[in-house]
Each structure stands twice: as C-alpha cells, then as structure tokens.
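Read the numbers this way: they start at 1 and go in the same order the structure lists the ligands and their atoms. Side chains included, hydrogens not; waters and symmetry mates left out as well; all remaining heavy atoms used.
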Amino acid sequence: MARDWQTRLIHSGAKAPEGFRSFATPVHRGSTTLFETAAEVADGSDQTNPYRYGIYGTPTTLELAGRIAELEGGEWSVIVPSGLAAISITYLALTKAGGHVLVPENAYGPNALLASRLMTRFGVETETYPHDIAGGIAERIRENTQLIWCETPGSVTMEVQDVPAIAAAARARGVPVALDNTYGAGVFYDGFGHGADISMQALTKYVGGHSDLLLGSITVRDPALRKAFDDAYNWLGFSVSPDECSLALRGLKTLAVRLKHFEQATLEVARWMATRPEIERVLHPALPSCPGHDIWKRDFTGSASIFSVLFREDFSREQLLGFVDRLELFRIGFSWGGAASLVMPYFGPNRAAQQFGERLVRFNIGLETAADLCADLEQALVVLRD
Ligand SMILES: *Cc1c(COP(=O)(O)O)cnc(C)c1O
C-alpha cells in the first residue's frame, strides 16, 4: 500500500547501512521505547526488561552506570542528574520519618542544608558530628539512626576522615555508611575497601572534566541497598540525558592523564603557596599541615586538584577579595575538576576545632602549567603589601 509522504516522514523505509563501528558509545534517545509484542506489556511492562521507558535508562546511560560501578569496584551504579541529586536520592532511599542521620561538619554545604531544612520536614532528624570523630561515632549512633555520611577530604576545609573507623562502628550497629567520594573520583580512594556501603560522586567534577555537564552517581555492592536505590530511582524520575552521559563516557577516557596532571601541578602550586609569608596554613591532604594528613597517607593512593589556604590574620576582607579579583588565570567560580583553574573565597566555615573567619580561599588547579599559575598568584599577592 503506497503511503502518503506525510506518513512516510514518520514511518520511513530508508535505513543507513549496517556495520558502522567507532569508539564512541552511541547517544540513544528515547522517551518511548518499543516492544515487539502486546503480550510483553499486557500486564504492565515486563519488569525484567531494562528498557521499558526512557526514564529508566537507555543503553548510553546504562553503559556509563556500568563503567562507574567497574571503576569504583561496586556491583551496581545508577546515574542521576547531579551530584546533589545523588545525595538527595540517598536520603530518600534510606531514611524515613522518625529516623536520625549523622552528617560530618565538613560535608558539602548543600548536603547539610538538605538534611537540616528538607529532611526535617519529613521527620528525619540530622545531627552534625566533628570530622575527626573516627570510632567515637559509636556514641552518636542511636536506635533510630538510619544513615551516616562521610566525606573525605572535605571539599573546602579539606579534613581527611577516618572512614574505616566510622564504618566499623556503623557496621556493628547495622547502619549504612554513605561516602561522598567526589574528591577520590573512584580512583584515589577505594570507598568499598575502606568500609563504605554507598559511594557517591559528582561526575560533574573529574569524570565530566570540562565544566560543561552535571551528573551524579551512586554505587553499591549490597543487593538490599541496590533494591532501595533502584526503587527510589524508579519512583522519583531522576532521569538523565544521554548527551550528558556520552560526554561523561568521553571524559572517562582521559580521566587518568588529567588526574595525573592535577596531582602533580596541584602539589607544586600548594607547596609554593606554603612558602609564602602571607599564608598561615595550606590545607592540602598530601601536606602535613592538613588535618587528617596521616589518614590520607594511610588510605589514599593519590591527591586531586583542590586545596585551600588560610591567610594570615593581618589581612582585611577587602584585601583578600582584592587578591582574588586580581588573579588572571584563576577564574572565580564554583565547582572544580575542569580544565581551567578556579578560585573561590569561603568566608565563614567554622569547625568544632577551628574558626576560619574570613580568610579561607580555595583553589582548583586546571590543566595549565604550575609555573604560570604560581606566577599569577605571585602578581596578585602584591595587593596584600599595600
Ligand atoms: C560538587 C559537589 C557535589 C554536588 O555535585 P553537583 O553535580 O554540582 O550537584 C557533591 N559533593 C561534593 C563534594 C562536591 O564537590
């Protein structure tokens, strides 16, 4: 039956030749995914078919999930729209009204806000604990504790946590430990080897690697946790774009060389900053001046691209903002892990053991050479002499 051209726009007989092969994972788009027979869907679609509807994943998103699980040594991963979405799905999958959650004082800021502002509305109580609590966490675990967060190192104040000690205490009480493993990128820190039950990453940072996408991942080993996250994912509609996932898959191919450069260049710049008279303290986990440095040496296999500096007390807020504004190669912006160096003043974080006041500045080292970055810092530090 000859069909009209308008119908043929939708149901075409033309097909590209088969047999094309390339290194790139195809970008599979689809809200509707197709079934061969009516029987497959007569009683609701077959739940064992991973491709029921675009929201549950496409080959592009599921390949990225598989690769993150492989990288982190997990059994299963799910990809969500951002690192923050990975944090929020963790709360929604694992907590319920009447519950209690322990969050470290150095946690990613929006994690702490989500816990204290949103989860409290659902009857989940949050308690903040000191970053260096280690096995002392045992005293904070209650009958109703449903989740313990760890983050190592903190992404602003850089404290390294004793995750194995926290995880051992949590395991003894049957409480799952969720690790924000963004700094370790699933490479420099073996989350599962150190006792975490859930490893989450903002893929936005190192896996994406170019400051042009937002994605997050949750990785687990335990089948019951997998079920909890799979359910939450299916209920919540945290669907991701195959375009973002294809960029993340491309990012994975260069992750090793980028991390290698970041480690070396960041150490070089951090060590140079440590020699400067304007600086009281450099917070980089691979330097002894960082809280938890000994734990870093014990547990990490490398260091990444961020560090913070605490300026000496004698500079004013205006002087430090003037220093940041004067930098040329370091651009002012949130996030990290991309190709360009970044700088951000963090005036305000306080910890049980230390008040940072208005003198903490964080740097993210990009793919530039360390010598040029040090020269940029040197010319900007001149403003502090006036
Ligand atoms: C950036 C970041 C997140 C959130 O990631 P987004 O993709 O920006 O939502 C979570 N945790 C840490 C430690 C981060 O640095």
Side-chain angles (χ1 to χ4, degrees), residues 61 64-65 68 72 77-92 101 103-116 118 128 131 147-161 163 177-189 191 196 198-219 236 238-241 243-245 247-248 251-252 259 262 266 283-285 290 292 296 300 303-308 333-338 340-344 346 349 351 360 362-366:
T61 61
L64 178 60
I68 297 296
E72 296 217 38
S77 295
V78 64
I79 306 298
V80 293
S82 66
L84 185 52
I87 292 170
S88 64
I89 200 175
T90 302
Y91 282 103
L92 294 167
V101 177
V103 180
E105 60 180 348
N106 61 340
Y108 177 65
N111 181 341
L113 278 181
L114 170 59
S116 64
L118 184 64
T128 307
H131 67 87
L147 173 66
I148 299 174
W149 276 101
C150 289
E151 187 168 326
T152 186
S155 64
V156 175
T157 40
M158 308 307 295
E159 306 91 344
V160 185
Q161 285 202 283
V163 177
V177 170
L179 170 70
D180 187 328
N181 203 9
T182 301
Y183 179 94
V187 175
F188 288 144
Y189 194 78
I198 299 126
S199 178
M200 62 106 345
Q201 275 195 65
L203 304 179
T204 305
K205 307 287 165 51
Y206 293 124
V207 172
H210 296 76
S211 314
D212 56 4
L213 65 86
L214 288 152
L215 283 176
S217 63
I218 293 288
T219 303
L236 285 166
F238 278 7
S239 171
V240 293
S241 152
D243 294 283
E244 311 286 84
C245 292
L247 288 173
L252 279 173
L259 286 177
F262 289 151
T266 305
L283 302 170
H284 181 301
C290 191
W296 177 84
F300 278 77
S303 59
S305 71
I306 46 172
F307 71 97
S308 293
F334 287 110
S335 203
W336 35 281
S341 289
L342 294 171
V343 58
M344 184 57 68
Y346 280 93
R351 306 289 177 248
L360 195 77
R362 186 184 73 188
F363 298 95
N364 170 64
I365 303 302

For [X], the ligand 1 atoms whose distance to one of its heavy atoms is below 4.0 Å:
X	result
Leu214	7 (O), 8 (O)
Thr204	6 (P), 7 (O)
Ala202	2 (C), 3 (C), 4 (C), 5 (O), 7 (O)

Can you tell me how far apart [atom1] ([X]) and [atom2] ([Y]) are? Round to the nearest 0.5 Å.
X	Y	atom1	atom2	value
Leu283	Ile306	CG	CD1	11.0 Å
Phe238	Ser88	CZ	OG	4.0 Å
Asp180	Cys150	CG	SG	10.0 Å

Margin query: Checking contacts here: is it the side chain or the backbone of Trp336 that comes within 4.0 Å of ligand 1, counting heavy atoms only? Could be both or neither.
Written below: side chain
Item checked: Distance-only polar pair, side chains of Tyr91 and Trp149, donor-acceptor under 3.5 Å -> yes
Test your reading of the structure: does [X] have an N or O sitting under 3.5 Å from an N or O of ligand 1?
X	value
Leu84	yes
Gly83	yes
Ser335	no

Please report the shortest heavy-atom distance between [X] and [Y], naming the atom on each side.
X	Y	answer
Thr90	Ala86	OG1-O, 2.7 Å
Arg362	Tyr346	NH2-OH, 3.6 Å
Thr266	Ser305	OG1-CA, 3.3 Å

Notebook entry, point to check: What protein heavy atom sits nearest atom 12 (C) of ligand 1, and how far away is it?
Noted result: Asp180 OD2, 3.4 Å
Note to self: Considering non-hydrogen atoms of the protein only, which is the closest contact for atom 2 (C) of ligand 1, and what is the distance?
What the structure shows: Lys205 NZ, 2.5 Å
Notebook entry, point to check: Does Glu151 have a non-hydrogen atom less than 4.0 Å from ligand 1?
Noted result: yes
